[in-house]
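Working notes, structure below.
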Amino acid sequence: MEVEIVVLLWRHHEVPITPPKLSQYALALSSLCQDPRQFHGHDLIGTLQHHEAVHDLEFAYASLAICSAKAHLRKKQIRRLLDIARSANGHNIDTLAMTILALRCIVKDHRHRNIHNSLRSPSVSLAKKQQSDGGFENLYNTALSMLALHDAHDINTLWNKTAAVSFIESKQDPDGAFTDPGLTAEVILALSSKGLGAIRNLDCGKLDTDYENHVDLDGLTKSLQYHGNDSDPRNVTITYTLWVGTNITENYTLAITAPRNSSFYNIMQMAMEADPKFSFEASEWPNGHYVHTLAGYKEEPMGYHYWLLYRLPEVPDALAPPANHMVAPVGTLFL
Ligand SMILES: *[C@@H]1O[C@H](CO)[C@@H](O)[C@H](O)[C@H]1NC(C)=O
Ligand SMILES: *[C@@H]1O[C@H](CO)[C@@H](O)[C@H](O)[C@H]1NC(C)=O
Ligand SMILES: *[C@@H]1O[C@H](CO)[C@@H](O)[C@H](O)[C@H]1NC(C)=O
Ligand SMILES: *[C@@H]1O[C@H](CO)[C@@H](O)[C@H](O)[C@H]1NC(C)=O
Ligand SMILES: *[C@@H]1O[C@H](CO)[C@@H](O)[C@H](O)[C@H]1NC(C)=O
Ligand SMILES: *[C@@H]1O[C@H](CO)[C@@H](O)[C@H](O)[C@H]1NC(C)=O
């Protein structure tokens, strides 16, 4: 995907990148914990901000992408979303659902909490657009509506989620797909509890920079001063657990205190100094360190000897091993 984006950016004078495409890439990068504002020297969010989308749907999609990257929307942009929300009945299902997703993202910013109230009316309008077959017009709109209504617990009774799921399931092709890969991906997002609306909340292990880029939005929201201590402690303590073998034949845990911005490679070095059981060997490559030996075992990909790095909120439990999606998004091989 990165190569694809680079090629598109490179050729954008011949073939302009459309805002929806740019929004889609920005969302994908954000969901991978990469900053679309710093994509190999390109600011995808800045480019997106530069285009004033003509269509409300494109505009709402771009707003969601900007907000999900933790970038700021302009006052004027938030007003436009609120205008769409206010005139909900005059808008198509997809526009409405995307606007709700964008606004739901925006209210996660502490400065915009007070526009939370403006979400109810468009959510009610959207819920009422569910049809007797359980769907919202078509597969795509049904998936998008489910994502938009996912967190709207106060209006749970105004639409029937079970019926929407049944509608989606009835559209599955014999090969398991839903028409095409794009639509299949949307459907999978809708059926899982996490979707487009959850990207901003991803914990990418970085400090929330929201508080630094303060922009005053007088008149629209009252800015709340942040009183946290977050920038204060420069060190963090993490526990590093090493499990060896399919049946966990060796098990070591170590607590390491290190500067907040340390790479995991630094942590591994500190662990090795503290306890030889955590020793490892790595080779250096232009894109990072390749760890080929860990705890005395040399990697043998063909013999299924390899290692995975999981990033977990707590010390892992052998009876409930961490799920595959907890594998760290970056640096399973290169750190
Ligand atoms: C929701 O839809 C399901 C499946 O169509 C149906 O069985 C159920 O009775 C509906 N629930 C309500 C509250 O209407
Ligand atoms: C920061 O945390 C310390 C102790 O954890 C507390 O005493 C202090 O009041 C906090 N400062 C702010 C601005 O909240
Ligand atoms: C792991 O344990 C299971 C059951 O105790 C056993 O059948 C299996 O052979 C073990 N695997 C290895 C790699 O030791
Ligand atoms: C932070 O951790 C480093 C070791 O990684 C230690 O040398 C330093 O004293 C710590 N600083 C604070 C403020 O705890
Ligand atoms: C961490 O931050 C310090 C000070 O801001 C900087 O000197 C250091 O290079 C950073 N380390 C990494 C691994 O980014
Ligand atoms: C690993 O060791 C810790 C304590 O050292 C223990 O609580 C945990 O159950 C062990 N896990 C496994 C899989 O043996």
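This structure is a prediction, so every number in the text was calculated from the model and none was measured.
Side-chain contact between Pro122 and Thr99 is absent, with no heavy-atom pair separated by less than 4.5 Å. Between Leu189 and Met146 the shortest side-chain heavy-atom distance does not fall below 4.5 Å. Side chains of Asp173 and Phe178 form no contact here, defined as non-hydrogen atoms less than 4.5 Å apart. For the pair Ile100/Leu126, a side-chain contact is recorded, criterion being any heavy-atom separation below 4.5 Å from C-beta on. Using a 4.5 Å cut-off on side-chain heavy atoms (C-beta onward), Tyr140 and Glu186 make contact. When side chains are defined from C-beta on, Tyr252 does not count as touching Asp275, because their heavy atoms never get closer than 4.5 Å. Side-chain contact between Trp159 and Phe136 is present, with heavy atoms from C-beta onward closer than 4.5 Å. In this structure, Phe59 and Met98 have side chains that are not in contact, with every pair of non-hydrogen atoms separated by 4.5 Å or more.
Here the closest heavy-atom approach between residue Ile248 and residue Asn251 is recorded as CG2-CB, 4.1 Å. Shown here for Ala295 and Val244, the closest heavy-atom pair between the two residues is CB-CG2, 4.4 Å. Here the shortest heavy-atom pairing between Ser123 and Leu149 reads O-CD2, 3.7 Å. Heavy-atom minimum distance, Leu64 versus Cys105: CD1-CB, 4.0 Å. Nearest heavy atoms, Ala127 versus Ile155: CB-CD1, 4.0 Å. Minimum interatomic distance between Ala65 and Ala26 (heavy atoms only, all atoms of both residues): CB-CB, 4.2 Å.
If you check the side chains of Ser87 and His91, you find a donor sitting under 3.5 Å from an acceptor. If you check the side chains of Ser68 and Ser30, you find no donor sitting under 3.5 Å from an acceptor. Inspection of the Thr253 and Thr239 side chains reveals no N or O donor paired with an N or O acceptor under 3.5 Å. Looking at Asn266 and Ser263, their side chains do bring a donor and an acceptor atom within 3.5 Å of each other. Looking at Glu2 and Tyr25, their side chains never bring a donor and an acceptor atom within 3.5 Å of each other.
Note that OG of Ser31 and CD1 of Ile199 are 5.0 Å apart. Values are rounded to the nearest 0.5 Å. For the atom pair CE of Met268 and CG of Leu294, the computed distance is 5.0 Å after rounding to the nearest 0.5 Å. Rounding to the nearest 0.5 angstrom, the gap separating the CG atom in Leu22 from the CG atom in Leu48 is 5.0 Å. To the nearest 0.5 Å, atoms CG (Leu139) and CG (Leu183) are separated by 4.5 Å. Considering OG1 of Thr184 and CD of Gln172, their distance stands at 8.5 Å, rounded to 0.5 Å. Note that CD of Glu273 is 9.0 Å distant from CD1 of Ile256, once rounded to the nearest 0.5 Å.
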| Derivation of the salt bridge (Lys or Arg N to Asp or Glu O under 4.0 Å) call for Arg80 and Asp56 | CA-CA 9 Å; Arg80 182 168 168 189; Asp56 287 339; 3.0 Å; yes

| said: Run Ile168 and Val165 through side chain to side chain contact (heavy atoms under 4.5 Å, CB included) and show every step you take. | reply: CA-CA 5 Å; Ile168 285 182; Val165 171; 5.7 Å; no

| field | Candidate pair Thr18 and His51, rule side chain to side chain contact (heavy atoms under 4.5 Å, CB included), full reasoning | value | CA-CA 9 Å; Thr18 63; His51 292 273; over 6 Å; no

| message | Evaluate Lys70 against Asp109 for side chain to side chain contact (heavy atoms under 4.5 Å, CB included), listing each step before the verdict. | response | CA-CA 9 Å; Lys70 296 190 178 169; Asp109 183 329; over 6 Å; no

| task | Kindly indicate, with the supporting measurements, whether the criterion side chain to side chain contact (heavy atoms under 4.5 Å, CB included) is fulfilled by His112 and Leu103. | result | CA-CA 9 Å; His112 302 310; Leu103 285 172; over 6 Å; no

| request: Start with the C-alpha gap between Gln49 and Gln77, add the side-chain angles, then the distance that decides, and say whether side-chain hydrogen bond (donor to acceptor under 3.5 Å, both in side chains) holds. | output: CA-CA 10 Å; Gln49 289 276 31; Gln77 292 174 306; 2.8 Å; yes

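Remark: side-chain polar atoms of Glu137 are not paired, donor with acceptor, to backbone N or O of Ile93 under 3.5 angstrom. A distance-only check finds a donor-acceptor pair linking the side chain of Arg200 to the backbone of Cys67 [under 3.5 Å]. Under the 3.5 Å distance criterion, the side-chain polar atoms of Asn247 are left unmatched by any main-chain donor or acceptor of Thr249. Counting only distance, with no hydrogens or angles, the side chain of Asn92 and the backbone of Thr95 share no donor-acceptor pair below 3.5 Å. Under the 3.5 Å distance criterion, the side-chain polar atoms of Arg113 are left unmatched by any main-chain donor or acceptor of Lys108.
Residues Phe39 and Met1 share a single hydrophobic cluster, defined by chaining ILVMFWY side chains whose heavy atoms lie under 4.5 Å apart. Following chains of ILVMFWY side-chain contacts shorter than 4.5 Å, one cannot reach Leu242 starting from Tyr297, and the two form parts of different hydrophobic clusters.
The six-membered or imidazole ring of Phe264 lies near that of Tyr240, with a centre-to-centre distance under 6.0 Å.
When Ile84, Asn89, Leu82 are each tested for a side-chain contact (heavy atoms from CB on, under 4.5 Å) with Arg86, only one passes: Leu82.
A salt bridge links Asp154 to Arg120: one of the charged nitrogens lies within less than 4.0 Å of a carboxylate oxygen.
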Let me have the donor-acceptor pairs involving side chains of residues 5-13, under 3.5 Å, with sequence neighbours excluded, atom names and distances please.
| residue | atom | partner | partner atom | Å |
| --- | --- | --- | --- | --- |
| His12 | ND1 | Leu9 | O | 2.6 |

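No more than 12 heavy-atom neighbours from other residues, nucleotides or ligands sit within 6.0 angstrom of NE2 on His50.
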